[in-house]
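Structure record follows, encoded as structure tokens.
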Amino acid sequence: MDVKRTRSPRALADADADKKRAAGWRGGVRPHMVLVGFLITLPILVFVFGGRWGSFPSSSSPTATSVPNVGSRQVVAGGVSTTQTSQKIEAPKNVSAPTTSLSQDKLLGGLLSAAFEESSCRSRYRSSLYRKQSPFPLSPYLVQKLRRYEAYHKKCGPGTKRYRKAIRQLKAGRNVENSECKYVVWFPCNGLGNRMLTIASTFLYALLSDRVLLMQVAPEQEGLFCEPFPGSSWVLPGGFPHNNPQNLHIGAPESYVNMLKNNVVRNDDPGSVPASSLPPYVYLHVEQSQLKLSDNVFCDEDQLVLGKFNWMILKSDSYFAPALFLTPMYEKELAKMFPQKEATFHHLGRYLFHPTNTVWGIIRRYYEAYLARVDEKIGFQIRIFPEKPIKFENMYDQLMRCIREQRLLPELGTAEPANTTADAGKVKAVLIASLYSGYYEKIRGMYYENPTKTGEIVAVYQPSHEEQQQYTSNEHNQKALAEIYLLSYCDKIAMTAWSTFGYVAYSFAGVKPWILLRPDWDKERSEVACVRSTSVEPCLHSPPILGCRAKREVDAAAVKPYVRHCEDVGFGLKLFDH
């Protein structure tokens, strides 16, 4: 067997280190001279590289020499190394730092505030080092908007006199005129991917409507994200008077749509409606209800009425940001914030979502152990929906057709190739994110039993396989968040249609994915394996009616140049750029 072509990434790295050490001693340098030279240069090395390496270890997370206990699996083509275990594994001792340039701006061009202590949330300034530089330039206007919002949140957020005053007015049942601070309170719904998409949408709405965003953090979401706003918190404090999620539903009398129906509020002449005449709060139900968002939310006259409420409670499972772009009164402001519209979630998500040190420890250790030294990373995300179940054999066949048609992985050969090709010895890592282990097992076996035509090495990994999605499990959500980030570090991504988990990952990465299409409802297989997305934006599955209460529906994709129908959801909408 040709050993050079079959060694694992760890063995290759160790061999390179041995060669370097051997070459150094052959030059005739004595050990004590090396020691003296090292002691002299040590302060300089600490100064230069301390910002890159020095802050990685944390007392709140395991060290870099342990791999997270998330069921790690791997295989290296050529039959040398196979690991399948759910126990802790010792990581390579010569772990390297991410390959991204040290000079990369840790504030992402001004997107992030510099007002945080780095050790409190290491991922805030570190996660970008594991990705390629963003392909989307940041608007200076958006940067200014974020800094102004941060000051507003600090002035009106929890713990301030203004917040306590607003709570007293809410409890007293009063909606006062000209309130100095207004709020939108987000309540969770569905899985982690849905939550992240709708939090970003709600924050965008807060930016546009001059409101402070507060989140009701359920137990399953505790300890996932760091605070995004300096000097304040986005967590809804205890004692909020309307904190019962059971009362938040489409039929709630406090919902804006029902207020209109019951003549509690009117939108025919918004200017004539005094704020003091309105109820103390309004509820917006922006959930996917019969796959159509309420058209009574994204109209100018309704937004003018809604703007008079000091307190708004919002519950959603949708990425409704594209609907805000369809609201006439917000179009100019959004154009200044996002000259490249398909970068909306890409920027907002990287601004808002920073895994806590506990979750970041899982992400970083796994990346350094398995993905840091490969030549290319390819991510496959597979999701099977209960309302449209697909047999494993059919889904696997579709994935393999996509891989072959798009050449996402090297072709298999019948014999070990000679080391003459340009790609010989290169390592490609396949990261599989799925609740099920079958896809990993099949792809692992394929590259374990057969060489590749080009001599490339394919290493296959699956961090976990939970079998079932567990919305209310904090541990499950920690693993899910870790895998979203690991998937977002991939150079290429193929994902299941309709999956919000996949939407978040490829939007973070700024990578246009290949989407594995759903078969028609009356078929078991999809004739088309996969298509390339036109943008890195997530899909709004249930768009509103353009034209508000017009008697006929207007297709927004036919009249707005910056929205298209989604590749995976034919009636959905996504933002894109020409």
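Fair warning: this is a prediction, and the values are worked out from it, not measured in the lab.
Checking side-chain atoms of H565 against main-chain N and O of G572 turns up a donor-acceptor pair under 3.5 Å. In this structure, the side chain of N477 engages the main chain of S473 through a donor-acceptor pair within 3.5 Å. Judged by distance alone, with hydrogens and angles left aside, the side-chain atoms of T327 form a donor-acceptor pair with the main-chain N or O of A323 at under 3.5 Å. Panel note: side chain N474, backbone E222; a donor-acceptor pair is recorded below 3.5 Å. With T496 contributing its side chain and R383 its backbone, the two residues share a donor-acceptor pair below 3.5 Å. With hydrogens and angles disregarded, a donor-acceptor distance shorter than 3.5 Å links the side chain of E537 to the backbone of F345. Not one N or O on the side chain of D375 forms a donor-acceptor pair closer than 3.5 Å with the backbone of K428. Checked by atom type and distance alone, the side chain of N258 pairs as donor or acceptor with a backbone atom of I250 at under 3.5 Å. In this structure, the side chain of K492 does not engage the main chain of V511 through any donor-acceptor pair within 3.5 Å. Under the 3.5 Å distance criterion, the side-chain polar atoms of H346 are matched with a main-chain donor or acceptor of S507.
Closest approach of T454 to P410, counting heavy atoms only: OG1-CB, 4.2 Å. Taking both residues in full, the closest heavy atoms of Q381 and F501 are given as CG-CD2, 3.7 Å, listed atom of the first, atom of the second, then distance. Residues A497 and D568 share a closest heavy-atom pair of CB-CB, 3.4 Å. The minimum heavy-atom distance linking I378 with C490 is given by the pair C-SG, 4.0 Å. Nearest heavy atom pair, residue V359 against residue G223, reads CG2-O, 3.9 Å. Here the shortest heavy-atom pairing between A200 and L348 reads O-CD1, 3.9 Å.
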Q: Apply the test side chain to side chain contact (heavy atoms under 4.5 Å, CB included) to residues F508 and M196: give CA-CA distance (whole Å), side-chain angles for both, the deciding distance (0.1 Å), then the verdict.
A: CA-CA 11 Å; F508 276 168; M196 295 174 74; 3.8 Å; yes
Q: Verify ring-ring contact (aromatic ring centres under 6.0 Å, His included) between F320 and W186, making sure each step is shown before the conclusion.
A: CA-CA 13 Å; F320 62 85; W186 174 88; over 10 Å; no
Q.
Set out, in order, the CA-CA distance, both residues' side-chain angles and the distance that settles side chain to side chain contact (heavy atoms under 4.5 Å, CB included) for Y319 and T344, then state yes or no.
A. CA-CA 11 Å; Y319 180 64; T344 301; 3.8 Å; yes
Q.
Run the side chain to side chain contact (heavy atoms under 4.5 Å, CB included) test on L486 and Y461 for me, step by step, so that the C-alpha distance in whole Å, both residues' side-chain angles and the decisive distance to 0.1 Å come before the verdict.
A. CA-CA 11 Å; L486 289 169; Y461 306 98; over 6 Å; no
Q | Trace of the side chain to side chain contact (heavy atoms under 4.5 Å, CB included) decision for Y367 with K377 | A | CA-CA 11 Å; Y367 182 92; K377 297 176 286 292; 3.7 Å; yes
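The aromatic rings of F571 and W498 stand perpendicular to each other, their planes meeting at an angle above 60°, with 30° marking the opposite boundary. By the 30° and 60° cut-offs, the orientation of the rings of F338 relative to F325 is tilted. Note on ring orientation: taking the six-membered ring where Trp is involved, the planes of W234 and F353 are tilted (angle from 30° to 60°). A parallel orientation is assigned to the rings of Y396 and F392, their planes being inclined by less than 30° (bins at 30° and 60°).
When side chains are defined from C-beta on, Y485 does not count as touching Y130, because their heavy atoms never get closer than 4.5 Å. Side-chain contact between Y440 and I382 is absent, with no heavy-atom pair separated by less than 4.5 Å. Counting heavy atoms from C-beta outward, L284 and V184 have side chains that stay 4.5 Å or more apart. Side chains of R404 and M400 form a contact here, defined as non-hydrogen atoms less than 4.5 Å apart. For the pair L108 and S134, the minimum side-chain heavy-atom distance is 4.5 Å or more. Residues S318 and S542 meet the side-chain proximity criterion, which asks for heavy atoms closer than 4.5 Å. In this structure the side chain of K132 reaches within 4.5 angstrom of the side chain of D491, judged on heavy atoms. Within the 4.5 Å cutoff, the side chain of L306 has heavy atoms near those of the Y256 side chain.
Note that CG of L487 is 9.5 Å distant from CE of M495, once rounded to the nearest 0.5 Å. Atom CG of L208 and atom OH of Y330 lie 6.0 Å apart (nearest 0.5 Å). Distance OG1/T202 to CZ/F187: 12.0 Å, rounded to 0.5 Å. Atom NE2 of residue H476 and atom CG of residue L481 lie 11.5 Å apart, to the nearest 0.5 angstrom. With rounding to the nearest 0.5 Å, the separation of CH2 in W514 from CZ in F380 is 9.5 Å. Remark: I484 CD1 to L192 CG distance equals 4.5 Å, nearest 0.5 Å.
Residues R131 and S488 have side chains that bring a donor and an acceptor to within less than 3.5 angstrom of each other. Between E456 and Y447, the side chains place no donor N or O within less than 3.5 Å of an acceptor N or O (distance only, hydrogens not considered). If you check the side chains of S437 and Q462, you find no donor sitting under 3.5 Å from an acceptor. For the 3.5 Å distance criterion, the side chains of E483 and Y366 fail to qualify, holding no donor opposite an acceptor.
With respect to K574 and E567, a salt bridge is recorded, a charged nitrogen being found less than 4.0 Å from a carboxylate O. Ion pairing between a basic and an acidic side chain is recognised when a charged N comes within 4.0 Å of a carboxylate O; E387 and R518 show such pairing.
Within a 6.0 Å sphere centred on NZ of K388, heavy atoms belonging to other residues, nucleotides or ligands number more than 12.
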